[in-house]
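So the structure is just underneath, and the comments pick up after that.
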Number of protein chains: 2
Amino acid sequence: MAARDYGQYGGVTRGLELVGERWALLIVRDLLVGPRRYGELAAGLARIPSNILAARLKELQAAGIIRRVPHSRVIVYELTPYGRELEPVVLALGAWGFKALGDPRAEQVITPDSMTMDLRTAFRAHVAETLPATAYAARFGEAELLIRVDGSSLDVTRGGSSLDVARGDGPVDLAFAAGPDIRRLILGELAPERAIETGVVEVLRGRRALLTRFASTFHLAA
Amino acid sequence: MAARDYGQYGGVTRGLELVGERWALLIVRDLLVGPRRYGELAAGLARIPSNILAARLKELQAAGIIRRVPHSRVIVYELTPYGRELEPVVLALGAWGFKALGDPRAEQVITPDSMTMDLRTAFRAHVAETLPATAYAARFGEAELLIRVDGSSLDVTRGGSSLDVARGDGPVDLAFAAGPDIRRLILGELAPERAIETGVVEVLRGRRALLTRFASTFHLAA
DNA sequence: CCGGATCCTATTGGATACTG
DNA sequence: CAGTATCCAATAGGATCCGG
């Protein structure tokens, strides 16, 4: 492997040797959501050059972090058990970075996978446990997600309100479209009612009061 | 600032924009141990080019992660509160990377700051709480550390057994020198008695049985 | 000395085109 | 679709120099 090293012997240094290269941790982030094909990774990481994606996949594979699995005619990449152990790292970094989010710049997009991981970082299992099971359909920019909270477990899948019924996933309790300022709701800087009043969140279906439940389920202290 | 961006809007991406550049997180790691001068950082990060260190310090400062403090004739860099919130990220990455450590390569050194952070990642506060307060003096390669565990709190400082008495820090219960295979003790792959028998750990002073206490205080599951 | 700034070279990463 | 190949721009590395 011999990735670019730092000349030091220690845990952090070793970690950076393995996943410190540009784009590497974003590939891991997307694979934490689920196995992905080469083209799906390329689509989710819109600006990654193809050669860099190919190089990172090889390095991550050599490091035992991901696995290349031929899966009935198509090839998918998935995390190994050791790769999955990066989840706390990605969540911690995501939580920290989330607090430094400003308004999106013109070229910035929101991908379903990145949004899914952001929801996971903000998910408070111990709070959710005390609330009734709830299904949300949420649209953030282009990304449309189906978010199911049941007890202390969270399940986020792609596609929104139109798909869930066809899949027999049960009804959605609250469907909404949100602008980027929804981060302020999650950071506790914006009250749910205010979010609706100011148009940050547009409720498409369901009781608006459920947005309060959403806000207490998904929360990051600023 | 306008660090190299990824064209995505999300927590992980934002985090990587701020601390994803080469060397950045290692600077943060060392500053988590305590404020450091430019020269101390350069010494701890032996292979960092001077221009890169200077560039990173400016970027981290612009991002509100560190602060440049003139401190009676000398300048020290220290973390801001927001920078200190990177501790979980560094610890998580360190714990993950620690498990992938092999034997040190020829050019690799162990620095006191990196060793200190490795001990912090492996520290089990809830176990330490159940044990008597203990002071260890440990030498790993060049790095000599004084490790004080008291209840659920851990304090690691530089310098070894010779200094502690002069500083009035109380006596050291166990002093030892360890080779890199001590990582296997921390990973639970090597029993304390075996570590002593095989020379991985050389007890210099104190009851050898205390190494068992050390091993249960500092532990990372493989 | 300490805390950098400057210069130059060696590697990496980025954009795009191309192939099995 | 799943990558390679090529070429250019941006960074990192290393040595040296400079001002307080």
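Model, not experiment: these values are computed from the prediction. The chains referred to below are lettered A, B, ... by the order of the sequence lines, with proteins before strands, and numbering in each begins at 1.
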Open item on the list: If you compare every side-chain N and O of B:Arg37 against the phosphate oxygens of C:dG3 (OP1, OP2), does one of them come in below 4.0 Å?
Closed with: yes
Task: Of A:Ala54 and B:Pro49, the one whose closest DNA chain D nucleotide lies more 5' - done: A:Ala54
Open item on the list: Going 5' to 3' along DNA chain D, between which two nucleotides do contacts with chain A fall, using a heavy-atom cut-off of 4.0 Å?
Closed with: D:dC1 to D:dA12
- [ ] Look at all strands and tell whether B:Arg73 reaches a base, only sugar-phosphate, or nothing, counting heavy atoms closer than 4.0 Å.
- [x] nothing
Open item on the list: In whole Å, I'd like the distance from the CZ atom of A:Arg4 to the P atom of C:dT11.
Closed with: 11 Å
- [ ] Please report, rounded to the nearest Å, how far the C1' atom of C:dT16 is from the CG atom of A:Leu53.
- [x] 16 Å
TODO: Would you please confirm or rule out a distance under 4.0 Å between OP1 or OP2 of C:dG3 and any side-chain N or O of B:Arg68?
DONE: no
TODO: Take the protein atom CZ of B:Arg56 and the nucleotide atom C1' of C:dA5, then report the distance between them rounded to whole Å.
DONE: 16 Å
- [ ] Without swapping roles, check the side chain of A:Ser114 against the backbone of A:Ile110 for a donor-acceptor pair under 3.5 Å.
- [x] no
- [ ] Go through C:dG3, C:dG14, C:dG4 for me and flag the one nearest to the B:Val74 side chain.
- [x] C:dG3
TODO: With heavy atoms under 4.0 Å as the rule, sort A:Tyr6 into base, sugar-phosphate or nothing.
DONE: nothing
Task: Backbone N/O of A:Gly102 and side chain of A:Arg183: donor-acceptor pair under 3.5 Å - done: yes
Open item on the list: Whether B:Glu78 and B:Arg36 form a salt bridge (side-chain N of Lys/Arg under 4.0 Å from carboxylate O of Asp/Glu) is what I want to check.
Closed with: no
Task: Integer-rounded Å distance: C:dG3 P and B:His71 NE2 - done: 13 Å
Open item on the list: Checking side-chain polar atoms at under 3.5 Å, does B:Gln108 have a donor or acceptor matched by the opposite partner on A:Arg14?
Closed with: no
TODO: May I have the distance from A:Glu21 (atom CD) to C:dT11 (atom P), rounded to whole angstrom?
DONE: 15 Å
Open item on the list: What is the separation between atom CG on A:Leu45 and atom P on C:dA15, rounded to the nearest whole Å?
Closed with: 13 Å
Open item on the list: Under 4.0 Å, heavy atoms only, any strand: does A:Leu57 hit a base, just the sugar-phosphate, or nothing?
Closed with: nothing
Open item on the list: Can you tell me if B:Lys58 touches the phosphate of C:dG3, counting only side-chain N or O atoms and a distance under 4.0 Å to OP1 or OP2?
Closed with: no
Open item on the list: One thing to verify: whether A:Glu59 and A:Arg56 come together as a salt bridge, which I'm taking to mean a side-chain N less than 4.0 angstrom from a carboxylate O.
Closed with: yes
- [ ] Take atom OH of B:Tyr38 and atom C1' of C:dG4, then tell me their distance rounded to the nearest Å.
- [x] 5 Å
Task: Distance in angstrom units between B:Asn51 CG and C:dC2 P, rounded - done: 19 Å
Task: Donor-acceptor contact present, side-chain B:His219 to main-chain B:Ile186, <3.5 Å - done: yes
TODO: Anything under 30° is parallel, anything over 60° is perpendicular, the rest tilted; go ahead and classify A:Tyr136 against A:Phe218.
DONE: perpendicular
